[in-house]
Protein chains: 2
Amino acid sequence: MSWRKEQRRAERGYHHGNLKEALLQAALGLIAEKGAAGFTFADAARMAGVSAAAPYRHFRDRDELLSSIAQRGFEQFEARLSAAWDDGRPDTVTAFERVGKAYLAFAREEPAFYNAMFESGVPVDANAALQAASERAFNVIRAAAERLAALTPPGTPRPPAMMMALHIWSMAHGVASLFSRGDAARRKLPMSPDELLEAEVLIYLRGLGFPIDRRPPAKGAQPPPVPPEAPSGSGVPPGGPWGKPK
Amino acid sequence: MSWRKEQRRAERGYHHGNLKEALLQAALGLIAEKGAAGFTFADAARMAGVSAAAPYRHFRDRDELLSSIAQRGFEQFEARLSAAWDDGRPDTVTAFERVGKAYLAFAREEPAFYNAMFESGVPVDANAALQAASERAFNVIRAAAERLAALTPPGTPRPPAMMMALHIWSMAHGVASLFSRGDAARRKLPMSPDELLEAEVLIYLRGLGFPIDRRPPAKGAQPPPVPPEAPSGSGVPPGGPWGKPK
DNA sequence: CGGCTCATGTAAAGGTCGTTCACATGAGCT
DNA sequence: AGCTCATGTGAACGACCTTTACATGAGCCG
């Protein structure tokens, strides 16, 4: 079994050259497989082909590696939410919906990052950079909420954007955490997490007075979902995010 | 250091007498202190005054202890949600709100249970009893949603109760998980988690067509009778869940 | 009352981890 | 060519999880 290590050594020499990056990648894979709790520093080192002590040249301890991953996660998260938001194009509500979907997509497609960010026990304030990254990601939601709040139809009280942002975040995180990942996904559901979240957000927005028409996740092209920022006078249209009344 | 063990032995004899229960209690305390990840089987044994191997007479392994705790947690959770629901008294909406508060209160007051139930990585289906307990707890929310759905004002489409229940659960879990516990609570908020969730649920319910007046837990009842509910010190000022429009 | 049995506890040992420390290596600069 | 310092190694420590062989004694049976 030792030839393996010798071979590695032969291949890459005494110095790895890019160990820090290799460790981050290895950890990412391991977390995706076994969760942040199951991931071990030693495994990451083995996977990178170095001794168990080597990682300590690049990370103070296991927790620092974990919080580095969480930080990167928040950065990618911000990028994806930003892209989804696309500065509110083509219209605010549609873009807002897209952000919600992007949230779930990230949780689903990047389980390792999501795990490190929200389920690993790494405190948000473990690290200034981590905290900053986390806030930048949240600020995407916050900015979107700001724009949405500014659109409240006349006659309706305008909700604080911060509160809206927190609400949306809690919905997205709740759905992702309960129904959309790992063993949590084993709960039997009458609909997909995406549909669940979409309906939830639409109902919520309607509760705020937004004129939301019925339009689940369907793609069947209807008229432009919401005419560009023109609050139609209609109250609560028939139908609803969940389909036809019974 | 060994006199300690000897003394324990002297106090209680070779056989502990109630080790299983003692281990559960010890684990509960340790989880509350250091989280499910930080809790160790050995520590629990030490705390109960037995050798490290003794717990294996009562639990197959560490995970089984954890899932036992999760199961008990779901049982107590169900009890508290049921009590809060109180079969919909005095009126459905008020009782529903109370369930939401009870959810957060449980997450806050029983961090060890909540941790074991939702954040420990124990899969819900690790154990048939665990899964059953989890479903019973959810069924309280589901039953409440059912009653609420039956109340939808005429002319409004009736949402599926199951979906409502899942929405409410995701909101409560999202708020609890992000803002109401441990280091997550370190995020700075413009309002308390309780207020946040309450506003969120009210807005959601309004989105479903419920005639929610713009003032959550207040006592001065308007159309819906809200007699003597404890004001619960909610700091939500008049003017709706979010305050006055600007 | 005496003895048997089996649930319950103990000690010891093997394996894995996280972490530290003294030492080895070699890449890059002078 | 030689020096230096970042980077990697191996060995060692203590803690944990888990298994195994053995010890204890509570409860039952005759």
Side-chain angles (χ1 to χ4, degrees), chain A residues 1-27 30-31 33-69 116 120-122 126, chain B residues 1-24 26-27 30-31 33-69 120-122 126:
Chain A
M1 277 307 183
S2 181
W3 62 273
R4 198 90 190 68
K5 204 183 291 182
E6 299 307 329
Q7 183 181 338
R8 277 274 172 77
R9 279 275 274 280
E11 282 170 6
R12 60 145 239 261
Y14 191 93
H15 287 286
H16 183 289
N18 198 13
L19 184 51
K20 186 162 187 169
E21 196 52 38
L23 286 172
L24 285 166
Q25 291 305 325
L30 289 170
I31 293 174
E33 271 183 51
K34 307 183 291 185
F39 141 78
T40 88
F41 220 25
D43 256 338
R46 240 187 310 272
M47 195 153 301
V50 297
S51 75
Y56 290 86
R57 296 293 178 195
H58 300 276
F59 301 96
R60 197 177 343 86
D61 57 19
R62 183 178 173 282
D63 281 348
E64 195 184 274
L65 202 178
L66 224 46
S67 71
S68 285
I69 291 188
S120 67
V122 172
Chain B
M1 277 306 188
S2 181
W3 63 272
R4 198 87 190 69
K5 203 182 292 181
E6 299 305 328
Q7 183 180 341
R8 277 275 174 74
R9 281 277 274 279
E11 280 169 5
R12 57 143 242 260
Y14 191 95
H15 286 287
H16 183 289
N18 197 14
L19 185 52
K20 185 160 188 169
E21 195 53 37
L23 286 172
L24 287 166
L30 289 170
I31 294 174
E33 271 183 53
K34 307 183 290 184
F39 140 79
T40 86
F41 220 25
D43 255 339
R46 239 187 312 272
M47 193 152 302
V50 297
S51 75
Y56 290 86
R57 295 295 178 193
H58 300 276
F59 301 96
R60 196 178 343 88
D61 57 19
R62 183 178 172 282
D63 282 348
E64 194 185 274
L65 202 177
L66 225 46
S67 72
S68 285
I69 290 188
S120 67
V122 172

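Not measured: the values here are computed from a predicted model. The chains referred to below are lettered A, B, ... by the order of the sequence lines, with proteins before strands, and numbering in each begins at 1.
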Participant: Grab the CG-P distance between B:D61 and D:dC16 for me, whole Å please.
Facilitator: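 Nearest whole value for this atom pair: 17 Å.
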Participant: Can you tell which of D:dT9, C:dG18, C:dT10 lies closest to the side chain of B:R57?
Facilitator: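 In terms of side-chain proximity for B:R57, the closest of D:dT9, C:dG18, C:dT10 is C:dT10.
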Participant: To the side chain of A:Y56, which of C:dG18, C:dG9, D:dT18 is closest?
Facilitator: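 Shortest atom-to-atom distance from the side chain points to C:dG18.
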Participant: From B:Y56 OH over to B:E64 CD, what is the distance, rounded to the nearest 0.5 angstrom?
Facilitator: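 So the OH of B:Y56 and the CD of B:E64 are separated by 11.5 Å.
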Participant: Could you pull out all residues at least two apart from A:D63 that satisfy side chain to side chain contact (heavy atoms under 4.5 Å, CB included)?
Facilitator: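 Here the qualifying residues are A:D61.
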Participant: Starting at CG of B:L30 and ending at C1' of D:dC16, how long is that distance when rounded to a whole Å?
Facilitator: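 Taking atom C1' of D:dC16 as the reference, CG of B:L30 is at 14 Å.
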Participant: Please tabulate the protein-to-nucleotide N/O contacts below 3.5 Å involving nucleotides 15-17 of chain C, giving atom names and distances.
Facilitator:
{"unit_1": "C:dC17", "atom_1": "OP1", "unit_2": "A:R46", "atom_2": "NH2", "d": "3.3"}
{"unit_1": "C:dC17", "atom_1": "OP2", "unit_2": "A:R46", "atom_2": "NH2", "d": "3.0"}

Participant: So for the helix from C:dC1-D:dG30 to C:dT30-D:dA1, with five pairs setting each end axis, what is the inter-axis angle to 10°?
Facilitator: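 Comparing the first five pairs with the last five, the axes sit 10° apart.
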Participant: Please state how far atom NZ in A:K20 lies from atom C1' in D:dG8, giving the value in whole angstrom units.
Facilitator: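 About 16 Å, once rounded to whole Å.
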Participant: Looking across every strand, which nucleic acid part, if any, lies under 4.0 Å from B:G17 by heavy atom: base, sugar-phosphate, or nothing?
Facilitator: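 Answer is sugar-phosphate: B:G17 comes under 4.0 Å of backbone atoms only.
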Participant: Can you list everything that forms a salt bridge (Lys or Arg N to Asp or Glu O under 4.0 Å) with B:K20? Sequence neighbours excluded, please.
Facilitator: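 Listed in chain order: nothing, the list is empty.
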Participant: When you measure from the side chain of B:A53, which nucleotide among C:dG18, C:dG9, C:dA11 comes out closest?
Facilitator: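 Closest nucleotide among those given: C:dA11.
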Participant: Can you check whether B:H58 has a side-chain N or O nearer than 4.0 Å to OP1 or OP2 of C:dG9?
Facilitator: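 For B:H58, the contact criterion (side-chain N or O under 4.0 Å from OP1 or OP2 of C:dG9) is met.
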Participant: I need the A:S120 OG to A:I31 CD1 distance, nearest 0.5 Å.
Facilitator: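 The CD1 atom of A:I31 is 7.5 Å from OG of A:S120, to the nearest 0.5 Å.
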Participant: Could I get the full list of side-chain hydrogen bond (donor to acceptor under 3.5 Å, both in side chains) partners for A:E33, not counting sequence neighbours?
Facilitator: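 Testing A:E33 for side-chain hydrogen bond (donor to acceptor under 3.5 Å, both in side chains), a comparison that skips the adjacent residues, returns none.
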Participant: From CD of B:E64 over to P of D:dC17, roughly how many Å is that when rounded to an integer?
Facilitator: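 Distance check: B:E64 CD to D:dC17 P gives 15 Å.
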Participant: Could you tell me if the side chain of A:H58 sits less than 4.5 Å from the side chain of A:L19, heavy atoms only?
Facilitator: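 Of all side-chain heavy-atom pairs linking A:H58 with A:L19, at least one is under 4.5 Å.
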Participant: Is there a side-chain contact between A:M47 and A:L23 in this structure, where contact means two heavy atoms from C-beta onward sitting under 4.5 Å apart?
Facilitator: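 The answer is no; the side chains never approach within 4.5 Å.
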Participant: Restricting to side chain to side chain contact (heavy atoms under 4.5 Å, CB included), what partner residues turn up for A:A53, sequence neighbours left out?
Facilitator: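 Partners of A:A53 by the side chain to side chain contact (heavy atoms under 4.5 Å, CB included) criterion, ordered by chain and then number, come out as A:S51.
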Participant: Is there a side-chain contact between B:F39 and B:L66 in this structure, where contact means two heavy atoms from C-beta onward sitting under 4.5 Å apart?
Facilitator: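 SC-SC contact between B:F39 and B:L66 confirmed.
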